[in-house]
Enquirer: 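So that we are looking at the same thing, I have put the structure below in structure tokens.
Predicted, not measured: the structure shown is a model, and the values here were computed from it.
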Amino acid sequence: MVLNRSAIGERQRDYWVLFATILAPSMVFMVSTALSVALPAIQRDLHADGTEIIWIVNAYLLLQAAFIFISGSLGDHYGRRRVYIIGIVIFSLASFVCGTTQSTSVLILARAAQGMGSGMMITCSLAIVAAYFAHHRRSWSISVWSAFTMLASGTGPILGGWLTEIGQWRLIFLINLALGAFAIIVLLRYVPESYDDEAPQELDISGTLLSTLALLLAGFFFIEGPRRGFDDNIVMLSGVLAVFILPFFIWIEGHSDHPMLPLNLFRSRTFAGANTLTLLLYGATNSALFFLPLGLIQVQGYSESAVGLAMLPMTGLMVGVSFLMSRVVDRFGPRLPLICGPLVIGYALLLFSLLEVSHGQDTYVQTLLPAMCMFGAGMGITLAPLTTAVMASVDEHYAGMASGFNNTVSRSAQILAIAIIGSLVIFVFQNALLGAPAVAALPDEARAYIAAEAAMLAEATLPEGLEPEQYTELREVIRQSFFSSIRIVMLISAGLSFVAGALAIRLIESELPLE
């Protein structure tokens, strides 16, 4: 048998292109999931309250969502590889600041800069994949991209847990300097530049500014509302402006000669439906994954590394099942997995809601493991078909816009869900804590101290001078109050997942033009 050397060379280039487009987004996903385990340590070291912890996550997501949206157009105009590399540079430099700062405020600002870079990286990496691989290999390439980025997400908690436990959570950020440099070398050597020759010459600056402003205002409203009060003038104004900007943005996009989001894309039922499912599912899953590690570490007594290992079965199933989904989608279309996957996720979230405060590390196999496995399987069933449905429902020259919009929807879902549900968690926790009989029985001065500390959530400290029995009882009240609020998160997230599965029946077409 004679081997075709040019064919072998092309196949090797295919793998290098996939490697380059997977490596940098993997940095993004790994940091995000590692941070979820490291947040309690960051909160302690930087003395951050509950609202600041939410900002550390949401400042990143807000800028990421904004730059995911515009990066699709930037890549189509100026080159997807070029914008991808710029994103890696920004992300790496911001990671250095995150890993060296001693200030919560500086960390939040650096996380916002990380969001800018990550938005450019995620959009352009997937757009490069969609543009480079032919239609008959697009489903396979997207499945590989999804599986390996999910694998990176899954290793994040393990790496983050280990580094945090040895007191080196800052290395979660600093490791990106080496990975970013390697990714740039591979990109320059193996990945060809790609453009959209049919893209309009002008960028939709007004649409970009309005969409970004709406997200910032909505995020500010829901995050700062619990701390400042929803009757605060600035909070109220931000909410009102966010509501009014959205229809204005839609009007501009409908009348622009060069919209960043052509509204005719929504004529595809699957494109509209897949993005609706993205909004619901990413809101549900990321809210759960934001609060679950906090509950396991701060309430159930898991160590940081134990949380990372506890999530390993979820990652393994998510990656393994995701690899199988390309064949399922090719044979049956994305509709069936997008019905079944969210239902499995929803049931797993119900199992999470049944956890008790007493279910610590020693009961992991009986209590947490079944829910983790089911959650991972559901995610594996869902995510690759969801991405494939979005990308295959539009023409190839809309690849950058479709990728950018879908990723913006997913990040917007995270922002709004964590902000809204996070504010609910703070509200429920404060009311449960201050309404507990053990707190009500304290002197006025001690109650006032606990009320002020309630913003720290499970890291709240207790006033001095308590009897040992009082101290033990009040610590238990804090644990129970926090875990009760997390249970509400799981129930809301389960409901969102069930709604997504039901909507897939009507909104997702059985067949897509994958070939």
Enquirer: Going by heavy atoms in the side chains, are Leu289 and Met314 under 4.5 Å from each other?
Expert: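 In contact.
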Enquirer: Under a 3.5 Å distance rule, please check whether Tyr282 uses its side chain to pair with a backbone N or O of Val409 as donor and acceptor.
Expert: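 Side chain of Tyr282 to backbone of Val409: no pair is present.
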Enquirer: Is there a donor-acceptor pair closer than 3.5 Å between any side-chain N or O of Ser485 and the backbone N or O of Phe482?
Expert: yes
Enquirer: Are side-chain heavy atoms of Leu23 and Val186 found at a separation under 4.5 Å?
Expert: no
Enquirer: Any idea which heavy atoms bring Ile245 and Leu210 closest together, and the distance?
Expert: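 Where Ile245 meets Leu210 most closely, the heavy atoms are CG2-O, 3.5 Å.
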Enquirer: The test is side-chain contact (heavy atoms from CB on, under 4.5 Å); show your working for Phe29 and Ile122 and say whether it passes.
Expert: CA-CA 10 Å; Phe29 299 133; Ile122 291 170; 4.1 Å; yes
Enquirer: Taking all atoms of both residues into account, what is the closest heavy-atom pair of Val37 and Ile297, and its distance?
Expert: O-CD1, 3.5 Å
Enquirer: Calculate, to the nearest 0.5 Å, the distance between atoms CZ and CG belonging to Phe249 and Leu246 respectively.
Expert: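 One gets 8.0 Å once the value is rounded to the nearest 0.5 Å.
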Enquirer: Could you check whether any side-chain N or O of Asn286 sits under 3.5 Å from a backbone N or O of Gly283, counting only pairs where one atom can act as donor and the other as acceptor?
Expert: no
Enquirer: Quick check: do Phe290 and Ser287 have side-chain heavy atoms less than 4.5 Å from each other?
Expert: no
Enquirer: Check whether any side-chain N or O of Arg447 sits under 3.5 Å from a backbone N or O of Leu442 as a donor-acceptor pair, and report yes or no.
Expert: yes
Enquirer: After noting the C-alpha distance and the side-chain angles of Phe483 and Glu356, does the key distance pass the side-chain contact (heavy atoms from CB on, under 4.5 Å) rule?
Expert: CA-CA 8 Å; Phe483 215 66; Glu356 299 290 343; 5.7 Å; no
Enquirer: Might you point out which heavy atoms bring Ser493 and Ala284 nearest each other, and give the distance in Å?
Expert: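 For Ser493 versus Ala284, the nearest heavy atoms are OG-O, 3.1 Å.
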Enquirer: For the residue pair Leu350 and Phe498, establish whether any side-chain heavy-atom pair is separated by less than 4.5 Å.
Expert: yes
Enquirer: Could you check whether atom CD of Glu445 has more than 12 heavy atoms from other residues, nucleotides or ligands sitting under 6.0 Å from it?
Expert: no
Enquirer: Angle class for the Phe220/Trp55 ring planes (parallel below 30°, perpendicular above 60°, tilted otherwise)?
Expert: tilted
Enquirer: Can a donor-acceptor pair be found between the side chains of Tyr449 and Thr461 at a distance below 3.5 Å?
Expert: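 There is such a pair between these side chains.
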Enquirer: Give a yes or no on whether the backbone of Val235 and the side-chain of Asp232 come within a donor-acceptor separation of less than 3.5 Å.
Expert: yes
Enquirer: Side chains of Thr278 and Asn406: is there a donor and an acceptor less than 3.5 Å apart?
Expert: yes
Enquirer: When rounded to the nearest 0.5 angstrom, what distance separates CD1 in Ile56 from CD1 in Ile108?
Expert: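 It comes to 5.5 Å.
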Enquirer: Taking Glu304 first and then Arg44, would you say they form a salt bridge - that is, a charged N and a carboxylate O separated by under 4.0 Å?
Expert: yes
Enquirer: Begin from the C-alpha positions of Ile486 and Leu292 and carry the test side-chain contact (heavy atoms from CB on, under 4.5 Å) through to its verdict.
Expert: CA-CA 7 Å; Ile486 292 178; Leu292 181 62; 5.7 Å; no
Enquirer: Which atom names give the shortest non-hydrogen contact between Ser92 and Leu177, and what distance separates them?
Expert: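 Closest approach of Ser92 to Leu177: O-CD2, 3.2 Å.
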Enquirer: For Arg479 and Val299, indicate whether the former's side chain and the latter's backbone hold a donor-acceptor pair under 3.5 Å.
Expert: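 Yes: the side chain of Arg479 pairs with the backbone of Val299.
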Enquirer: More than 12 non-hydrogen atoms from neighbouring residues, nucleotides or ligands closer than 6.0 Å to CZ on Phe148, yes or no?
Expert: no
Enquirer: Is there a donor-acceptor pair closer than 3.5 Å between any side-chain N or O of Arg170 and the backbone N or O of Thr101?
Expert: yes
Enquirer: Search all heavy atoms of Ile90 against all heavy atoms of Ala113 and return the closest pair with its distance.
Expert: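 Distance-wise, the nearest heavy atoms are CG2-O, 3.5 Å.
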Enquirer: Quick check for you: to the nearest 0.5 Å, what is the distance between Leu187 atom CG and Ile88 atom CD1?
Expert: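 Leu187 CG to Ile88 CD1: 5.0 Å, rounded to 0.5 Å.
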Enquirer: Any idea which heavy atoms bring Leu317 and Ala377 closest together, and the distance?
Expert: CB-N, 3.9 Å
Enquirer: Contact between Leu368 and Tyr302 at the side-chain level, heavy atoms closer than 4.5 Å - yes or no?
Expert: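 Yes, at least one pair of side-chain atoms sits under 4.5 Å.
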Enquirer: Going through the checks in order, is the side-chain contact (heavy atoms from CB on, under 4.5 Å) test met by Leu281 and Leu496?
Expert: CA-CA 7 Å; Leu281 288 170; Leu496 292 174; over 6 Å; no
Enquirer: Please answer whether the main-chain N or O of Met379 pairs with a side-chain N or O of Thr382 as donor and acceptor at a distance below 3.5 Å.
Expert: no
Enquirer: Just checking, is any N or O donor in the side chain of Ser303 or Glu165 under 3.5 Å from an acceptor N or O on the other one?
Expert: yes
Enquirer: Would you indicate whether Tyr347, at its atom OH, is surrounded by more than 12 heavy atoms from other residues, nucleotides or ligands within a distance under 6.0 Å?
Expert: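 Open: at most 12 neighbouring heavy atoms sit under 6.0 Å from OH of Tyr347.
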Enquirer: Run through His47, Gln43, Gln298 and flag the one making a side-chain hydrogen bond (donor to acceptor under 3.5 Å, both in side chains) with Glu459.
Expert: Gln298
Enquirer: Got a donor-acceptor contact below 3.5 angstrom from the Thr21 side chain to the Leu18 backbone?
Expert: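 Pair found, side chain donor or acceptor close to backbone of Leu18.
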Enquirer: Can you tell me how far apart CD (Gln64) and OG (Ser412) are? Round to the nearest 0.5 Å.
Expert: 10.0 Å
Enquirer: Just by distance, do the side chain of Arg487 and the backbone of Leu354 share a donor-acceptor pair under 3.5 Å?
Expert: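 Checking the backbone N and O of Leu354 against the side chain of Arg487, no donor-acceptor pair under 3.5 Å is found.
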Enquirer: Can you find a heavy atom in the side chain of Tyr84 that is under 4.5 Å from one in the side chain of Ser125?
Expert: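 Result yes, sub-4.5 Å side-chain heavy-atom pair found.
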Enquirer: So Pro25 and Trp145, do their side chains get closer than 4.5 Å, heavy atoms only?
Expert: yes
Enquirer: Under a 4.5 Å cut-off applied to non-hydrogen side-chain atoms, are Tyr60 and Val28 in contact?
Expert: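 The answer is yes; the side chains approach within 4.5 Å.
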